[in-house]
Amino acid sequence: MVSKPPVDDVGDEGLVVGSPKEYAAGLPAVAWSLRHAGRQMGVRRSLLTLVQVNQKKGFDCPGCAWPEPDHRSVAEFCENGAKAVAEEATVRRVGADFFAEHAVADLAGRSDYWLGQQGRLTEPMYLADGASHYAPISWDDAYSIVADELAGLDSPDEAAFYTSGRTSNEAAFVYQLFVRAFGTNNLPDCSNMCHESSGSALTQTLGVGKGSVSLEDLYRADLIFVVGQNPGTNHPRMLSALEKAKQAGASIVAVNPLPEAGLLRFKNPQKVSGMLGSGTQLTDEFAQIRVNGDLALFRALNRLLLEAEDAAPGTVLDRAFIDEHAHGFEEFAADVRTTPWADVLEATGLPREQIERIHERVLGSKRIIVCWAMGLTQHKNSVPTIREVVNFLLLRGNVGRPGAGVCPVRGHSNVQGDRTMGIYEKPSTEFLDALEKEFGFEPPRAHGHDVVDAIRAMRDGAVKVFFAVGGNFVSATPDTAATEAALRATRLTVQVSTKLNRSHAVTGRRALILPCLGRTEKDQVVTVEDSMSAVHMSRGKLPPASRHLRSEVAIVSGLAERVLGDRVSVPWGAFARDYDLIRDRIERVIPGFTDFNRRVREPGGFVLPHGPRDERRFPTTTGKANFSRNDLDVLRVPAGRLILQTVRSHDQYNTTIYGLDDRYRGIKQGRRVVFVNADDLAERSIADGTLVDLVSEWHDGSERRAEAFRVVAYDTARGCCAAYFPETNVLVPLDSTADESNTPTSKSIVIRLEAHVHTGG
Ligand SMILES: Nc1nc2c(c(=O)[nH]1)N[C@H]1C(S)=C(S)[C@@H](COP(=O)(O)OP(=O)(O)OC[C@H]3O[C@@H](n4cnc5c(=O)[nH]c(N)nc54)[C@H](O)[C@@H]3O)O[C@H]1N2
Ligand SMILES: Nc1nc2c(c(=O)[nH]1)N[C@H]1C(S)=C(S)[C@@H](COP(=O)(O)OP(=O)(O)OC[C@H]3O[C@@H](n4cnc5c(=O)[nH]c(N)nc54)[C@H](O)[C@@H]3O)O[C@H]1N2
Ligand SMILES: [Mo]
């Protein structure tokens, strides 16, 4: 399988490699976002729109799931939030004339950047069997096509229903209700590729698959770990929180193969000092870990804690917490004591003195929080790694008290809420029982397909209809060639979307595009849940991009009515007319939503209950917080190979590419770059600037190749390299997934570099 640069790629001639930045945000961030917003929306619309982001009466920023502080600045200003808004509120349009001009085959050859830049979708479009172009279709006819295909299936399990994490709580609840009333739990979602490993590990150990801290906790912490996360780009507002924590006395340990700008120093664009001054030094200790070394690091810290307790009994561990609230301590401790230092040093690539220094900081800190994101979740051993992080926190009772806890930082702005609403292929019995009781139909009990299984099922002909509310399945998923073939093997693909993307160009035998309203546009009030379990309202104000658009709730309800007829007694039409009625049902089905309609209208909304956080109640199988034993397998690669991690540039939102620069890493006007340690390059006699192919190698002997990447000598851990996704998704084998969570291993792909041979054409 080979992937070549797309036809519109400017090639490496335009690419400029400068030096990486040492700080994030500041004046350039403001300037960049205004420039970007101006290009998409014009000046007036930009200003009118940007002042509403994350305001109590405005809309929830579609950028990320980081929570809003109680005392918001006039604009909780964030460059990448502004870009996310501009991308949706753009005045560019993709109408019927555009589709008449561009054949689907033409679109399939374009980059995600080019596709996204064309603008907002404006009317339902249909690709007939054998047709070369999409043509306009009425909403009614579109619903009929979906209904007919679904009715023609031998079993409801022959359809799969994907969700991306921007979908509101109301749309997500109605969607899963429709899918389960139709008869399947095939509800793969972006979370399967994202924080699924966190959910698995936290559910096993603490009983709740969500973070246990609030912003106030961060401000009260003594020590904050930021592991496998690049907040300067992906959660810029987190930097303000870290700055505040720092000013209140916290120290910060950053664990990352890359010295990301935002982790080092931050210039707060909210303050004059941050605009002009040298900013705040955020990180006290930067551990430049090898990719996948985190389990070893936390095992080593845990071993050191046990040894410190041996040396001074009663002073290091929180015995009272362990005795009263935890389970499995002795087995865990016996195992972790045997952790070989040689393995730790090999896996982490860190000097032992540095690990001991971090240990000293831990000993000096009463309240500790560990934050993490994709650098921890997308490896084969991600679930054990995160369990080991939990062990680390449990040892000193750092869960369920102020200033301490677990903080998996979510990605999509409502990905956590979608899960709460039941977008999950493995729903709990309690949830299904509640649904059955409320709506009077028997929901399917068998677990459904997650993302990777859905791809396999399409490939094997077991899933014939693919339906997506949001997202860009083709580009976001692993093993691009395999996924494309899988989708092309289906009878019908349906995309409910705001913007054009590759998933509209790689289709089943027939395809539909159903254009919907975005967050920024006028609709009824919807709600979302952030990364810290706070539920609040979002209210769009802009006039819709086109008069043909419908809300996600309206689309799903309309379709449900058509597909299900009177098979179930759900008032779909009333739901679409009044979202309060949906919230009333959510309240009756999902714990924690008591008095939902009233409470969500209070300023700032409300916070969902969380047993471990609120009362040290751990709803696990043992009823306690579970220590666990996690094997330390050092990720060793054959001689000459590197471990590739795939990351986001500063100018992208997942598969939406805002621009071709990655300012903080010094890259301009190009994305086909691979960042490699200079010593690794020297060892291979490859010069900076060389054009190479990235070739991934998999156990079964298969190879996957992404062509024509410019080598950039970069400060990353030895033996590791980094490149951007989605261009590199072709390299991730479909079967390379995390144990237990089945998340694609997008952060540990074994590759070799080969000189690129120009094949012409
Ligand atoms: N502007 C913007 N904001 C976004 C997104 C976006 O694309 N653009 N995406 C959203 C989504 S869906 C998500 S999930 C989040 C993602 O937020 P992040 O997780 O910050 O995103 P990545 O770019 O994948 O960065 C992963 C980080 O982990 C590091 N890393 C890689 N492997 C390892 C490892 O083995 N160990 C350690 N310790 N570190 C490692 C990388 O160097 C990098 O700094 O951001 C959300 N917010
Ligand atoms: N190699 C590699 N692959 C990865 C990752 C990685 O780190 N490395 N990260 C993974 C992660 S963390 C995630 S979350 C996934 C993301 O996977 P997805 O969520 O599937 O991808 P996005 O790029 O966020 O989806 C963008 C599309 O969503 C649509 N959209 C935007 N807003 C709305 C809306 O309000 N409503 C509707 N209906 N549609 C909307 C637009 O059409 C846009 O083109 O990718 C994963 N893939
Ligand atoms: Mo994500």
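For ligands, and for the atoms within them, numbers begin at 1 and follow the listed sequence. All residue numbers in this chain count up from 1 along the given sequence. Note that the coordinates shown come from a computational prediction; the quantities given were computed from them, not determined experimentally.
Taking every non-hydrogen atom of Asn292 and a distance limit under 4.0 Å, the qualifying atoms of ligand 1 come out as 34 (C), 35 (O). Set against the non-hydrogen atoms of Thr233, the atoms of ligand 1 under 4.0 Å away are 1 (N), 2 (C), 3 (N). Proximity to Val227 (heavy-atom distance under 4.0 Å) selects the following atoms of ligand 1: 38 (N). Close contacts of ligand 1 with His235, meaning ligand atoms under 4.0 Å from a residue heavy atom, involve 15 (C), 17 (O), 45 (O), 46 (C). Close contacts between ligand 1 and His379 involve ligand atoms 34 (C), 35 (O) [criterion: under 4.0 Å to a heavy atom]. Listed by atom number, the atoms of ligand 1 under 4.0 Å from Asn80 heavy atoms are 1 (N). For ligand 1, the atoms sitting less than 4.0 Å from at least one non-hydrogen atom of Glu260 are 42 (O), 43 (C), 44 (O), numbered in the order shown with element in parentheses.
Between Phe298 and Phe392, the ring planes lie perpendicular to each other; the angle is over 60°, past the 30° to 60° tilted range. The aromatic rings of Phe178 and Phe161 sit perpendicular to each other, their planes meeting at more than 60°, with 30° as the lower class boundary.
Taking the six-membered ring wherever Trp is involved, the centroid distance between the rings of His449 and Tyr162 does not fall below 6.0 Å.
Each of Leu514, Ile555, Ile513 was scored for a side chain to side chain contact (heavy atoms under 4.5 Å, CB included) with Val494, with one residue passing: Leu514.
Near ligand 2, residues Tyr162, Ser164, Arg166, Cys190, Met193, Cys194, Met374, Gln378, His412, Gly470, Gly471, Asn472, Ala476, Val496, Ser497, Thr498, Lys499, Asn501, Cys516, Glu552, Thr646, Arg648, Tyr653, Asn654, Thr655, Thr656, Phe725, Asn729, Ser746, Lys747 each place a heavy atom inside the 4.0 Å sphere around the ligand atoms.
A distance-only check finds no donor-acceptor pair linking the side chain of Ser497 to the backbone of Pro515 [under 3.5 Å]. No donor-acceptor pair under 3.5 Å is formed between the side chain of Gln229 and the backbone N or O of Gly375. Between the side chain of Ser741 and the backbone N or O of Ser200 there is no donor-acceptor pair closer than 3.5 Å. A donor-acceptor contact shorter than 3.5 Å links the side chain of Arg93 to the backbone of Thr90.
Residues passing the side chain to side chain donor-acceptor pair (under 3.5 Å) test with Ser191, sequence neighbours excluded: none.
A salt bridge is absent between Arg419 and Glu529: the closest approach of a Lys/Arg side-chain nitrogen to an acidic carboxylate oxygen does not fall below 4.0 angstrom. Of the charged side-chain nitrogens involved, none lies within less than 4.0 Å of a carboxylate oxygen, so that Arg166 and Asp60 do not count as a salt-bridged pair.
Considering backbone and side-chain N/O atoms, Leu258 never comes within less than 3.5 Å of an N/O atom of ligand 1. By the 3.5 Å distance cut-off applied to N or O atoms, Ile289 is not counted among the residues near ligand 1.
Counting heavy atoms closer than 4.0 Å to ligand 1, residue Asp294 contributes side-chain atoms (C-beta onward) but none from N, CA, C or O. In Gln229, the parts holding a heavy atom less than 4.0 Å from any atom of ligand 1 are both the side chain and the backbone.
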